[in-house]
Amino acid sequence: MLVSWNTTNQCNMLCDHCYRDAGMKSEHELSTEEARQLIISIIRAGFKIMIFSGGEPLMRPDIYELGAFATQQGLRAVLGTNGSLITPEVAVNLKKAGFMAAGVSLDSLDPQKNNGFRRLSNAYELTVAGMKNLRAAGLPFQIHTTVMDWNVGELEDITDFAVELGAMAHHVFFLVPTGRAINIEEESLRVAEYEKTLARLMEKQKQVAIEIKPTCAPQFIRVADIKGVPLRFTKGCLAGISYCIISPVGDVQPCAYLDIRLGNVREKSFDKIWQENETLKALRTMDYEGKCGICDYKSRCGGCRARASYYSGDGNYMAEDTWCLYNPKGDI
């Protein structure tokens with residue numbers, strides 16, 4: 001079980017696809033003490049991994065203190081970052097604080113394309129330097145890439161670059177229109193290209209030792225099965241089942257891309273929200289509609305609930321994931 005906390009809305013980039021619409025710091029972000037109480041309630045709820053993300057988490061002054069506190073409480077603390085602020089000193093401090101790994105965003109090996117998407121003129125240079133600094137400090141890291149129609153041809157090369165840099169994994173995120181990403185929905189992969197890309201990634205997995213994981217693309221479980229690629233993952237979409245996210249101001253939602261407010265940790269403890277919320281209970285039934293409801297991969301894939309919600313047209317998060325080409329056994 002893993003939980004992601006957007007530690008702050010503040011960010012030094014203005015990425016086109018940001019689900020949080022990050023940039024300026026939000027009013028009333030959780031204080032250090034409130035964050036400590038959140039960590040304690042996360043442990044009570046049974047979570048083992050806590051992702052400190054943003055915005056850009058390194059813009060939060062108490063990030064080392066909170067990472068250390070989470071580690072001391074027995075959580076595996078990891079960082080989700082754009083990497084641009086990771087100097088040699090920052091990398092060492094992250095390691096000392098107890099962070100166990102970092103996920104660093106890089107979307108193209110073409111600096112101009114990457115920087116344009118990230119809205120920072122030297123993003124590529126700073127991010128690559130940040131990853132090298134993590135490696136020098138002995139802090140494991142993985143590369144996160146958001147796949148779009150303009151960078152889909154680069155994915156295998158980015159994986160090779162990840163191997164070259166010493167990354168432990170390459171996670172490829174498939175766009176779900178949320179936040180600023182609504183404005184670039186037309187740049188996301190269409191259904192046939194989506195399936196083709198999953199097949200390419202699983203073929204590449206056969207060639208490299210590091211892990212390749214499509215994210216927000218639960219159908220990769222089926223594709224891996226077909227191609228005989230062993231996986232450590234047993235479930236595709238985790239939203240509300242073994243994963244959720246908390247905003248900078250304490251709002252809980254099932255995942256980053258399923259923008260449904262389940263409650264606020266200032267009003268009700270996180271563990272109570274996790275245990276008692278009706279939307280989460282519904283997601284855990286896996287009583288999906290359409291093809292997803294009768295699919296032989298229902299329990300292992302589940303379809304992307306956020307994508308189902310968006311493309312259903314009415315916010316139905318239990319609807320069929322129409323971006324899946326698979327015809328399940330007993331299809332109607």
Side-chain angles (χ1 to χ4, degrees), residues 1-6 15-22 51 53-54 80 103 105 144-148 171-191 193-195 197-198 213-223 233 235-248 251-263 273-274 277-293 295 297-326:
M1 293 174 61
L2 69 160
V3 61
S4 180
W5 173 40
N6 297 140
C15 305
D16 287 346
H17 66 304
C18 182
Y19 66 82
R20 188 53 71 194
D21 196 12
I51 305 167
S53 64
S105 299
H144 292 170
T145 301
T146 297
V147 60
M148 311 288 291
H171 287 200
V172 180
F173 288 71
F174 286 71
L175 187 77
V176 180
T178 311
R180 284 201 292 266
I182 290 175
N183 300 319
I184 56 170
E185 188 277 337
E186 69 279 1
E187 296 179 34
S188 64
L189 302 188
R190 299 298 100 179
V191 177
E193 188 69 18
Y194 172 81
E195 184 83 10
T197 303
L198 291 178
K213 181 185 181 295
T215 300
C216 298
Q219 292 83 8
F220 86 96
I221 297 278
R222 166 178 52 80
V223 176
F233 308 100
K235 185 76 170 70
C237 183
L238 306 178
I241 298 173
S242 57
Y243 170 79
C244 71
I245 192 166
I246 303 153
S247 80
D251 288 333
V252 180
Q253 59 189 77
C255 82
Y257 310 101
L258 191 51
D259 192 10
I260 301 173
R261 186 181 183 274
L262 306 174
I273 295 173
W274 179 253
N277 182 266
E278 294 303 318
T279 297
L280 296 179
K281 289 180 181 179
L283 286 165
R284 292 164 194 164
T285 66
M286 294 190 287
D287 290 337
Y288 309 131
E289 299 174 10
K291 287 199 303 183
C292 288
C295 186
Y297 279 93
K298 173 181 173 179
S299 63
R300 296 178 58 212
C301 168
C304 176
R305 294 300 97 210
R307 191 172 285 113
S309 173
Y310 182 84
Y311 288 102
S312 71
D314 60 2
N316 182 5
Y317 52 83
M318 300 301 281
E320 173 183 315
D321 182 353
T322 56
W323 281 51
C324 181
L325 289 180
Y326 183 61

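What you see is a predicted model; the values in this text were computed from it and never measured.
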Are the side chains of E289 and E320 in contact, using a 4.5 Å heavy-atom criterion? no

Are P254 and L262 side-chain neighbours, meaning at least one heavy-atom pair lies under 4.5 Å? yes

Check: L238 and M1 side chains under 4.5 Å, non-hydrogen atoms: no

Which heavy atom of Y194 sits nearest a heavy atom of A217, and at what distance? OH-CA, 3.1 Å

Taking the side chain as every heavy atom from C-beta outward, state whether W274 and V3 have any atom pair closer than 4.5 Å. no

Please find the pair of heavy atoms, one from E195 and one from V223, that lie closest to each other, and give the distance. OE2-CG2, 4.0 Å

With sequence neighbours excluded, tell me which residues meet side chain to side chain contact (heavy atoms under 4.5 Å, CB included) with R300. I221, D225, Y297

Candidate list C301, C295, C292, test side-chain contact (heavy atoms from CB on, under 4.5 Å), partner D321, passing option: C292

Measure across A319 and A308 and return the closest heavy-atom pair with its distance rounded to 0.1 Å. O-CB, 3.4 Å

Would you check if the side chain of R305 reaches a backbone N or O of Y317 as a donor-acceptor pair within less than 3.5 Å? yes

Spacing of CD belonging to E278 relative to CG belonging to L280, to within rounding of 0.5 Å: 9.5 Å

Taking every non-hydrogen atom, the tightest pair across W323 and V191: O-CG1, 3.6 Å

Report yes if the side chains of F220 and F174 come closer than 4.5 Å at any heavy-atom pair, otherwise no. no

Validation row: Y326, Q219 side chains within 4.5 angstrom (heavy atoms): no

If I take atom NE2 from residue H171 and atom OG from residue S105, how far apart are they, to the nearest 0.5 angstrom? 12.0 Å

Is there a side-chain contact between Y257 and C216 in this structure, where contact means two heavy atoms from C-beta onward sitting under 4.5 Å apart? yes

Side-chain contact test, heavy atoms from C-beta onward, threshold under 4.5 Å: evaluate it for Q253 versus I246 and give yes or no. no

Nearest-0.5 Å distance, CG of residue N6 to CD1 of residue I245: 4.0 Å

Taking atom CE of M148 and atom CZ of F173, what is their separation to the nearest 0.5 Å? 14.0 Å

What are the two closest heavy atoms between L258 and S309, and how far apart are they? CD1-CB, 3.6 Å

Minimum heavy-atom distance between T279 and N277, given as atom pair plus value: N-OD1, 2.9 Å

Gap separating the OH atom of Y243 from the CD1 atom of I51, nearest 0.5 angstrom: 5.5 Å

How many angstroms lie between atom NE2 of H144 and atom NZ of K213, to the nearest 0.5 angstrom? 9.0 Å

Answer yes or no: is there a donor N or O on one side and an acceptor on the other, between the side chain of K235 and the main chain of C237, under 3.5 Å? yes

